[in-house]
Trainee: 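First the structure, then my questions, so here it is.
As a basis for the values below, the full set of heavy atoms in this structure was taken, side chains included, without hydrogen atoms, waters or symmetry mates.
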There are 2 protein chains.
Amino acid sequence: MLKITRKVEYALIALRHFQNQEKDKLTSAKEMSKAYGIPQELLAKILQRLARENIVDAVKGPAGGYKLAVDPKTINMTKFFEIMEGPMGIMDCYFDSGCEQLQSCNIRTPLNRINDSIRSMFDNMTLADITY
Amino acid sequence: MLKITRKVEYALIALRHFQNQEKDKLTSAKEMSKAYGIPQELLAKILQRLARENIVDAVKGPAGGYKLAVDPKTINMTKFFEIMEGPMGIMDCYFDSGCEQLQSCNIRTPLNRINDSIRSMFDNMTLADITY
DNA sequence: TTATATACGACTATATTAGTCGTAAATCAT
DNA sequence: ATGATTTACGACTAATATAGTCGTATATAA
Ligand code: FES
Ligand code: FES
């Protein structure tokens, strides 16, 4: 309940790694997977996702790898989570209006309020806040 | 990701239901399951849990049912979530210190900060806040 | 041309959540 | 007493979501 996924966790580890490094130094999925004990294929897929979203740059070939493509300050966490995992809401009906309970539902409003609080909390954070 | 479980959702629906009702009126699991379209057995189990935790009172026998046992203002949401679902943290290592990544983990601190924010947000809410 | 790295989707495995079922015990009405 | 109704509880199964693997393709440096 209210858990972050490993996908996000690994992505954050990777991004933090880049921030701790010389700006344009490349790190390969392999290196990084060893360093942090993350399954290589999985981490690779995550880095690929980040590359597709232009959060990191990818360089192919031997001695290739990834590096940060943007200033982490410019990416807010809500957006980041949604890039990685799709719509973020404590319940599905926040987005998906096909909820069966909807007619009789007596907690929609308060739950939406909670949702808004969580979202705005993450709206006010950027990837850079994961640095410290 | 960052989802609430149905168990919690149903519990909240039930509790809100009691709050909308005459103070000592009993509602059976059956009635309520019909009213909100929730599987009866499941809702029953949830109400039983709430009864065990003395949040609701249970009355057996025909014309029995449940009613609120406490002032909802007195139960904070963090505690409530943990009663229903166990330890609440965006990642397991918040509680469980047996994390494999721990040595090399570079995001523990910031993630704990986020965790604290979420917890304190719910610490400052009570069940009564689900009323409106 | 070979070794190394990214790219991507399909697939499998595992864990979590959701829901069901069987059985017991209390209680009320007849 | 007996039967109907309801809570109590745990074991079980089903469904879904998450985590991880694999095969294959493509780019590139040496
Ligand atoms: S549960 Fe979907 S609207 Fe309340
Ligand atoms: S992932 Fe467990 S300590 Fe960071």
Trainee: Carefully, step by step, assess B/Leu2 and A/Glu85 under the rule side-chain contact (heavy atoms from CB on, under 4.5 Å).
Mentor: CA-CA 10 Å; B/Leu2 291 175; A/Glu85 294 287 354; over 6 Å; no

Trainee: If hydrophobic clusters are built by linking Ile, Leu, Val, Met, Phe, Trp and Tyr wherever their side-chain heavy atoms come under 4.5 Å apart, do B/Val70 and B/Leu26 end up in the same one?
Mentor: no

Trainee: Nearest whole Å is fine: how far is C/dT6 C1' from A/Leu43 CG?
Mentor: 12 Å

Trainee: Are any of the side-chain heavy atoms of A/Gln19 and A/Leu68 separated by less than 4.5 Å?
Mentor: yes

Trainee: I need the CD-P distance between A/Glu31 and C/dT4, as an integer number of Å.
Mentor: 13 Å

Trainee: Atom CE of B/Met91 to atom P of D/dA19: distance rounded to whole Å?
Mentor: 14 Å

Trainee: CG of A/Leu47 versus P of C/dA5: gap in Å, rounded?
Mentor: 13 Å

Trainee: Which one, D/dT7, C/dC8, D/dC9, comes nearest to the side chain of B/Arg52?
Mentor: D/dC9

Trainee: Walk me through it: do A/Leu12 and A/Arg16 pass the test side-chain contact (heavy atoms from CB on, under 4.5 Å)?
Mentor: CA-CA 6 Å; A/Leu12 291 176; A/Arg16 167 108 203 237; over 6 Å; no

Trainee: How many whole angstroms separate atom CD1 of A/Ile46 from atom P of C/dG9?
Mentor: 15 Å

Trainee: Send over the distance from B/Leu26 CG to D/dT6 P, rounded to a whole Å.
Mentor: 11 Å

Trainee: Just the rounded figure in Å: distance from C1' of D/dT7 to NZ of B/Lys67.
Mentor: 15 Å

Trainee: Would you mind checking if B/Glu53 and B/Lys79 are paired as a salt bridge, meaning a charged N to carboxylate O distance below 4.0 Å?
Mentor: no

Trainee: Search all heavy atoms of B/Lys73 against all heavy atoms of B/Thr126 and return the closest pair with its distance.
Mentor: O-CG2, 3.1 Å

Trainee: Tabulate atom names and distances for all N/O pairs under 3.5 angstrom spanning the protein and nucleotides 17-23 of chain C.
Mentor:
residue	atom	partner	partner atom	Å
C/dT17	OP1	A/Met1	N	3.1
C/dA18	OP1	B/Arg6	N	2.9
C/dA18	OP2	B/Arg6	N	3.1
C/dG19	OP2	B/Tyr10	OH	3.2
C/dT20	O4	B/Lys45	NZ	3.1

Trainee: What integer distance in Å separates B/Met32:CE from D/dT7:C1'?
Mentor: 13 Å

Trainee: Which atom pairs link the protein and nucleotides 28-30 of chain C when you take only N or O atoms and keep those under 3.5 Å?
Mentor:
none

Trainee: In the single-linkage hydrophobic clustering (I, L, V, M, F, W, Y; side-chain heavy atoms under 4.5 Å), do A/Leu43 and A/Val59 co-cluster?
Mentor: no

Trainee: Under 4.0 angstrom, heavy atoms only, what part of the nucleic acid is B/Ala29 near: base, sugar-phosphate, or nothing?
Mentor: sugar-phosphate

Trainee: Partners of B/Phe18 by ring-ring contact (aromatic ring centres under 6.0 Å, His included), sequence neighbours excluded?
Mentor: none

Trainee: Determine whether a donor-acceptor pair (N or O, by modelled atom type, separation under 3.5 Å) exists between the side chain of B/Asp71 and the backbone of B/Thr74.
Mentor: no

